[in-house]
Amino acid sequence: MTDSIADSGAGDGAVLRLTGVTAGYGATTVLRDVTLEVAPCTVVALLGANGAGKTTLLRVAAGSLQPSSGTVEYAGRDSGGERADSRARRGLCHIPEGRGIFPTLSVRDNITLFAARRDATAAIDLALQAFPALSGRLRQTAGTMSGGEQQMLALSRAYVCDPRLVLVDEASMGLAPFVVDLVFEFLQRVAAQGTALLVVEQYINRVLAIADRAYVLNRGSVAHSGPARDLLQDDVFERYVGATTN
Ligand code: ATP
């Protein structure tokens, strides 16, 4: 069922390309021979059961975990051995599961750190435009905010760091329904700006509705890849992962 690279819609200009990637932790292999592409200006959903290796794949893409074999190309460069901070400077924004904010720093300092070389005042303006609920909280210690506010702060990274590719891992996890709506508005707004997205999401039907393509991981291997609409109309997810879409 997995379609070929030639048919993947990414072509030579893929912003991210993993080819034959095997990766894991110590003696534990998690990803096996994974090939995946994200074309510029597209949204790719990465689906799979708990423990399938989705977070591990995003870590490999971000450069925080090096594969034991296979290649990772990001923005036209073979990124073998390239560290996460270097990829981040080249426009790769990773919003990890558990948010990836600095909980002991103020909201203002978090945004300033996300912004890296961008002017701090401009970065704060952008973050507050994106998430007005953060205004009035700039001096608050980030870790003392509600879960939803902390996730808004985490997502604001994608606005202030001027990314080419955003990796988003389970951003809606454990959040109230109105914050989940904000997460999906965020994904659509970032996509509308022409930024590529690779998204792991528990709300499968909602992410498929905004995605161009989807990959299904099963026990660390790609069980299916193709247009997102195929999964919306089919029982592919159920077939490969043994769970129903929601
Ligand atoms: P979930 O949907 O539950 O978050 P996932 O698809 O994102 O799962 P991963 O978090 O990538 O899956 O985990 C894949 C496997 O790797 C799991 O068996 C997990 O226990 C293991 N694993 C993850 N992180 C580590 C680590 N730091 N050290 C050892 N094993 C790990």
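All values derive from a computational prediction rather than experimental measurement. When a ligand or atom number is given, it counts from 1 through the structure's own listing order.
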Could you tell me whether Phe178 atom CZ has more than 12 heavy atoms of other residues or ligands within 6.0 Å of it? no
Considering only heavy atoms of Ala49, which atoms of ligand 1 have at least one such atom less than 4.0 Å away? 6 (O)
Where ligand 1 meets Glu170 - atom numbers and elements under 4.0 angstrom, heavy-atom basis: 2 (O)
With heavy atoms and a 4.0 Å threshold, my read on which part of Thr55 contacts ligand 1 is both
Of the protein's non-hydrogen atoms, which lies at the shortest distance from atom 11 (O) of ligand 1, and what is that distance? Thr56 OG1, 2.5 Å
Quick one: nearest non-hydrogen protein atom to atom 22 (N) of ligand 1, plus distance? Tyr25 CE1, 3.5 Å
For atom 12 (O) of ligand 1, closest protein heavy-atom neighbour: Gly53 N, 3.2 Å
Here the gap from Leu31 atom CG to Leu18 atom CG, rounded to the nearest 0.5 Å, amounts to 8.0 Å
Does Val30, backbone or side chain, put an N or O under 3.5 Å from an N or O of ligand 1? no
Kindly compute the distance separating CG (Leu105) from OG1 (Thr112), expressed to the nearest 0.5 Å. 10.0 Å
Under a 4.0 Å heavy-atom limit, does Gln202 contact ligand 1 with its side chain, its backbone, both, or neither? neither
Look at atom 2 (O) of ligand 1 and say which protein heavy atom is nearest, naming residue and atom and giving the distance to 0.1 Å. Lys54 NZ, 2.8 Å
Apply side-chain contact (heavy atoms from CB on, under 4.5 Å) to the pair Leu217 and Leu57, showing each step before the final yes or no. CA-CA 10 Å; Leu217 278 185; Leu57 192 153; 4.2 Å; yes
Yes or no: does Thr28 have any heavy atom under 4.0 Å from an atom of ligand 1? no
CG on Leu58 to NE2 on His94, rounded to 0.5 Å: 5.0 Å
Glu97 heavy atoms within 4.0 Å reach ligand 1 at atoms 4 (O)
Please round to the nearest 0.5 Å and tell me the distance separating atom CZ of Arg157 and atom CG of Asn110. 8.5 Å
Using the ring centroid of each side chain, check whether Phe114 and Tyr159 are separated by less than 6.0 Å. no
Go through ligand 1 atom by atom and flag the ones less than 4.0 Å from a non-hydrogen atom of Arg59. 24 (N)
Sub-4.0 Å protein heavy atom next to atom 20 (O) of ligand 1: no
Has Gly48 got any heavy atom lying under 4.0 angstrom from an atom of ligand 1? no
Quick check: is Leu175 connected to Val107 through a chain of hydrophobic side chains (ILVMFWY, heavy atoms under 4.5 Å apart)? yes
Would you mind checking which non-hydrogen protein atom is closest to atom 1 (P) of ligand 1, with the distance to 0.1 Å? Gly51 N, 3.7 Å
Carefully, step by step, assess Leu36 and Leu198 under the rule side-chain contact (heavy atoms from CB on, under 4.5 Å). CA-CA 10 Å; Leu36 171 147; Leu198 178 58; 4.3 Å; yes
Given Arg87, Glu82, Arg83, the one that forms side chain to side chain contact (heavy atoms under 4.5 Å, CB included) with Asp85: Arg83
